[in-house]
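Letters A, B, ... are given to chains in the order of the sequence lines, protein chains preceding strands, and every chain is numbered from 1.
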Amino acid sequence: MDGAVLSREFFDGPVEEVAPALLGHVISHRTPEGEVAARLTEVEAYAGPLDPASHAYRGPTPRNEVMFGPPGHVYVYFTYGMHFCMNLVCGPDGTSMAVLLRAGEIIAGEDVARARRPRSTVRDLARGPARLCQALGVAREQNGLDVCAPGGAMTVLRGEPADPALIRNGPRTGVNGAKEIPWRFWIEGDPTVSPYRPHVPRQRRKITTEG
DNA sequence: CTCTAGATCCTCT
DNA sequence: GAGGATCTAGAGA
């Protein structure tokens, strides 16, 4: 990596075009523990108000307000009571499109990432959206960070763009609505792409005590 | 590899 | 109150 940061214009476009274009580029996060960088191998696009699967579908809330701001910022959210996931906001200020970063290959700071995920194999360090956040040390405090500022704590660096012939797309993972929108993009054959798991609503541990 | 289940709390209705 | 853009461990094949 030579430290070239992707421009804000890169993110200021239709999310379904920005998402596959991100494959092969590098997300990097610097903390006091060190810097960790991951080459993106799998992403998902979310289209805002038109997309029932998007957090922005029902309009702005305190949680999703970053999605409605300018492109090139990070939207971090907390889910399942214990995990964080990160998105890169796309499209003009006022729209609410974003790309969920689902998986990557750790290419720098592997020692720091392994310290954060001691039970993980190297392959699994960032193989999944919550794993990626954990490996990079991303949590609530990083919500809203600008990734287009050279020298910033979190940046997206220009890498080797994925070979277009190897880019695949299919249904998004873990979502209930809009399954027909095939906006999960990944690099075919890359071992760090996460396994596809269809969504199954969790059963709440027994509701009725019957009587 | 597959399947099952538990963890755990924030957010919006 | 219900359920979630998930992960891990354990059992079985």
Can you measure [X] atom [atom1] to [N] atom [atom2] for me and round it to whole angstrom units?
X	N	atom1	atom2	answer
Phe84(A)	dT11(B)	CZ	C1'	13 Å
Arg197(A)	dA5(B)	CZ	P	16 Å
Leu132(A)	dC7(C)	CG	C1'	14 Å
Tyr77(A)	dG3(C)	OH	P	18 Å
Glu44(A)	dA5(C)	CD	P	11 Å
Met82(A)	dG3(C)	CE	C1'	13 Å
Arg123(A)	dC7(C)	CZ	P	14 Å
Met67(A)	dT11(B)	CE	C1'	15 Å

Ignoring backbone atoms, establish whether [X] has a side-chain N or O less than 4.0 Å from OP1 or OP2 of [N].
X	N	answer
Arg58(A)	dT11(B)	no
Arg119(A)	dA9(C)	yes
Arg131(A)	dT8(C)	yes

Pair Ser7(A)-Arg158(A), side-chain donor/acceptor within less than 3.5 Å: no
Donor-acceptor pair (no angle test) under 3.5 Å: Tyr80(A) side chain, dA7(B) base: no
is_close_aromatic(Phe11(A), His73(A)), centroid dist under 6.0 Å: no
Distance flag, aromatic centroids of His83(A) and Phe78(A), threshold under 6.0 Å: no
Candidate pair Tyr77(A) and His55(A), rule ring pair (Phe, Tyr, Trp, His ring centres under 6.0 Å), full reasoning: CA-CA 10 Å; Tyr77(A) 69 90; His55(A) 288 176; 4.5 Å; yes
